[in-house]
Asks: 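Okay, handing you the structure first.
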Amino acid sequence: MALMTLAYVSEARPGLSLRDLKQILRRSRENNYRRGVSGYLVFDGAYFAQILEAEADVLDGLMHVIESDDRHHGLRLLLRAPIAERHFADSCMGCANLAAPVQLDTSELRGLIRDVTGSRQLGLSEALEFFCLFGTFRTPQQAALLTL
Ligand SMILES: Cc1cc2nc3c(=O)[nH]c(=O)nc-3n(C[C@H](O)[C@H](O)[C@H](O)COP(=O)(O)O)c2cc1C
């Protein structure tokens, strides 16, 4: 079976709350653990960016479900590519919440998410760099403050 990765950006439903985000994460972590899906989700208060890794058929099935979720819209695929190994193997869904009320300058990270909501596709290395950055924002302590 072929391991695939996929990344997209989408616009969150207006008024999406922290409670909604936590609910998405809880279901995602339960389901993804069971189905062998790894990845990372970024939320900046307006947009989602998510990278997913799984066997091709699992990934395509999950994308159908995610696409029809009314908690977001305007989903745009940034990347779909075969991979030899997982890059988020230690997480069934890591999450950075840039809308968290913390005393941190997240303008750099917010700028990045605005960049990928532009109209271009990403290469695999570019996508990995983008998502890995959120987990390593300056110091592990700062990254931890954005982690849900
Ligand atoms: C931005 C976003 C990302 C999501 N990511 C995942 C995911 O990685 N895995 C997952 O199972 N569901 C994810 N969901 C939720 C699915 O759309 C769907 O609600 C959920 O899979 C249904 O699970 P259930 O059938 O166990 O209730 C996501 C939803 C949104 C809005």
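Throughout, numbering of the chain's residues begins at 1 and tracks the sequence. For ligands, and for the atoms within them, numbers begin at 1 and follow the listed sequence. Not measured: the values here are computed from a predicted model.
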Asks: Backbone or side chain, does any N or O of His72 fall under 3.5 Å from an N or O of ligand 1?
Replies: no
Asks: Short list, please: which atoms of ligand 1 are under 4.0 Å from a heavy atom of Asn32?
Replies: 7 (C), 8 (O), 9 (N), 10 (C), 11 (O)
Asks: So is there a nitrogen or oxygen of Arg71 less than 3.5 Å from a nitrogen or oxygen in ligand 1?
Replies: yes
Asks: If the contact criterion is a heavy-atom separation under 4.0 Å, does Tyr33 count as touching ligand 1?
Replies: no
Asks: Glu30: heavy atom below 4.0 Å from ligand 1, yes or no?
Replies: no
Asks: Closer than 4.0 Å to some heavy atom of Met93 - which atoms of ligand 1 meet that?
Replies: 8 (O)
Asks: Between Arg138 and Glu108, is the closest basic N to carboxylate O distance under 4.0 Å?
Replies: yes
Asks: Go through ligand 1 atom by atom and flag the ones less than 4.0 Å from a non-hydrogen atom of Tyr8.
Replies: 1 (C), 2 (C), 3 (C)
Asks: How about Tyr8 and Gln50: does a side-chain donor come under 3.5 Å of a side-chain acceptor?
Replies: yes
Asks: In Å, rounded to the nearest 0.5 Å, how long is the span from CZ of Phe131 to CD of Glu53?
Replies: 10.5 Å
Asks: Hey, does the side chain of Ser38 reach the backbone of Cys92 with a donor-acceptor pair shorter than 3.5 angstrom?
Replies: no
Asks: Thinking salt bridges, do Asp115 and Arg110 make one under a 4.0 Å N-O criterion?
Replies: no
Asks: Considering only heavy atoms, does Leu62 approach ligand 1 within less than 4.0 Å through its side chain, its backbone, both, or neither?
Replies: side chain
Asks: Can you check atom 8 (O) of ligand 1: any protein non-hydrogen atom closer than 4.0 Å?
Replies: yes
Asks: At a non-hydrogen distance cut-off of under 4.0 Å, which region of Asp69 contacts ligand 1 (side chain, backbone, both, or neither)?
Replies: side chain
Asks: At a 4.0 Å threshold, what atoms of ligand 1 neighbour a non-hydrogen atom of Arg35?
Replies: 11 (O)
Asks: Please tell me if the side chains of Tyr47 and Val9 come closer than 4.5 Å, counting only heavy atoms from C-beta onward.
Replies: no
Asks: Would you please name every residue forming a ring pair (Phe, Tyr, Trp, His ring centres under 6.0 Å) with Phe134, sequence neighbours left out?
Replies: Phe130
Asks: Tell me whether Arg27 has any N or O atom under 3.5 angstrom from an N or O of ligand 1.
Replies: yes
Asks: Under a 4.0 angstrom heavy-atom cut-off, which atoms of ligand 1 come close to Leu52?
Replies: 8 (O)
Asks: Pairs of nitrogen or oxygen atoms closer than 3.5 Å, one from Ser10 and one from ligand 1: do any exist?
Replies: no
